[in-house]
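A quick write-up on the structure given underneath.
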Amino acid sequence: MSVRIVALVGSLRAGSHNRQLAEAAVKLAPEGAEVEIFEGLAEIPFYNEDIDVAGDVPAAAARLREAGAGADAFLLFSPEYNGTIPAVLKNAIDWLSRPYGSGAFTGKPVAVVGTAYGQFGGVWAQDEARKAVGIAGGKVLEDVKLSVPGSVERFATTHPSDDAEVVEKLTEVLAQVSAAGQASAA
C-alpha cells in the first residue's frame, strides 16, 4: 500500500523557497510513499459558510477537499508573514476543517515545516499552523519539525534539494510522516 501525502504550500510566490522545499519533498519521498503538492490554493475563495453549501461548493474548494479526502497524511510548508501563518494556508485549513467533525484533516497525521528569511525559520507561523490544524481535527505530529532560517541567503543560488543538511532533515520528516500515514490508514 502506498501512503499518499498531500503537501500544501503557504506561499504563492513563483520563486518561493517553501515551494522549493515541497519540490524537494516530492523527490525525497521514501519508498512506498508519494508526496503530491496541491496546486490551486490561490483560486480558493476565502472561507465563508454562505458559499459552503452541499452540492454547490466552489469548484476550487471542492478540488481541495477531494485531494484532502484521498490523503493518508498532510505536510504543510509555511513561510512566516508578519510573525504568523499566511492567509492562503489558513484558508486551506478552514476549508479542509469542514464539515465540522468530518473534515479532511479529521484523524489524519499532519506535520508542518518550512523556511523563512528570519533567524528562526518561521517557527511562529509553523506553531500557528499546528494549532489551527489540531483544532481542525488533524493529528498533529508535534515532534516532526523542520524550520530552515535565512532562506533568502541560504537558497539564493542553491535549491533546497541540493543542500545536504536540508535533505537529511527533510528525509527524516518524510519518513516520520509516511510511517504515521501508514499507521493511520491501516
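Side-chain contact check for S16 versus P79: every heavy-atom pair is 4.5 Å or farther apart. E142 is listed as a side-chain neighbour of R130, based on a closest heavy-atom distance under 4.5 Å. You'll find the side chain of N91 stays beyond 4.5 Å of the side chain of L41, heavy atoms only. At least one side-chain heavy atom of R65 sits under 4.5 Å from a side-chain heavy atom of R98. Side chains of E153 and Y117 form a contact here, defined as non-hydrogen atoms less than 4.5 Å apart. Residues V6 and R4 meet the side-chain proximity criterion, which asks for heavy atoms closer than 4.5 Å. L170 places none of its side-chain heavy atoms less than 4.5 Å from the side chain of P160. The side-chain heavy atoms of V166 and R154, taken from C-beta on, include a pair separated by under 4.5 Å.
I85 and F77 sit in two unconnected hydrophobic clusters of ILVMFWY residues. Membership requires side-chain heavy atoms under 4.5 Å apart, directly or through other members. Both V167 and V113 are part of a single hydrophobic cluster, where members link through side-chain heavy atoms under 4.5 Å apart. When the side chains of ILVMFWY residues are joined at heavy-atom separations under 4.5 Å, either directly or via intervening members, L64 and V112 end up in a single hydrophobic cluster. In the hydrophobic clustering of ILVMFWY residues, with side-chain heavy atoms under 4.5 Å counting as a link, Y81 and F155 come out apart. By the criterion of side-chain heavy atoms lying less than 4.5 angstrom apart, applied directly or through intervening Ile, Leu, Val, Met, Phe, Trp or Tyr residues, W95 is grouped together with V88 in one hydrophobic cluster.
A salt bridge links K90 with D94; the closest basic N to acidic carboxylate O contact falls under 4.0 Å.
Closest of all the heavy-atom pairs between V3 and S178 is CG2-O, 3.8 Å. The heavy-atom pair separating F46 from A87 by the smallest distance is CE2-CB, 4.3 Å. A pairwise comparison of heavy atoms in K108 and S184 identifies CA-OG, 4.3 Å as the closest pair. The two residues V144 and A111 make their nearest non-hydrogen contact at CG1-CB, 3.8 Å. When all heavy atoms of N18 and T115 are compared, the pair lying nearest together is ND2-O, 2.8 Å. Contact between S2 and E34 at its shortest, heavy atoms only, is OG-N, 4.2 Å.
The CD atom of E172 lies 11.5 Å from the CG atom of L28; values are rounded to the nearest 0.5 Å. Interatomic distance, CD of E80 versus CD of Q126, reported as 8.0 Å (0.5 Å rounding). With rounding to the nearest 0.5 Å, the separation of CG in D143 from NZ in K145 is 7.0 Å.
Listed by chain and residue number, nothing satisfies the salt bridge (charged side-chain N to carboxylate O under 4.0 Å, His left out) test with K27 (two or more places apart in sequence, or in another chain). Among residues two or more places apart in sequence or in another chain, the side chain to side chain contact (heavy atoms under 4.5 Å, CB included) test is passed with E23 by R19, Q20, I37, H159.
Residue V110 is tested with L141, L75, L76 for a side-chain contact (heavy atoms from CB on, under 4.5 Å); the sole match is L76. A side-chain contact (heavy atoms from CB on, under 4.5 Å) with K169 is found for one member of D163, L174, L146 and no other, namely L146. Partner of F74 under the side-chain contact (heavy atoms from CB on, under 4.5 Å) criterion, chosen from L96, V177, V133: L96.
Within a 6.0 Å sphere centred on CD of E66, other residues, nucleotides and ligands contribute 12 heavy atoms or fewer. No more than 12 heavy atoms of other residues, nucleotides or ligands shown are found within 6.0 angstrom of CG on N82.
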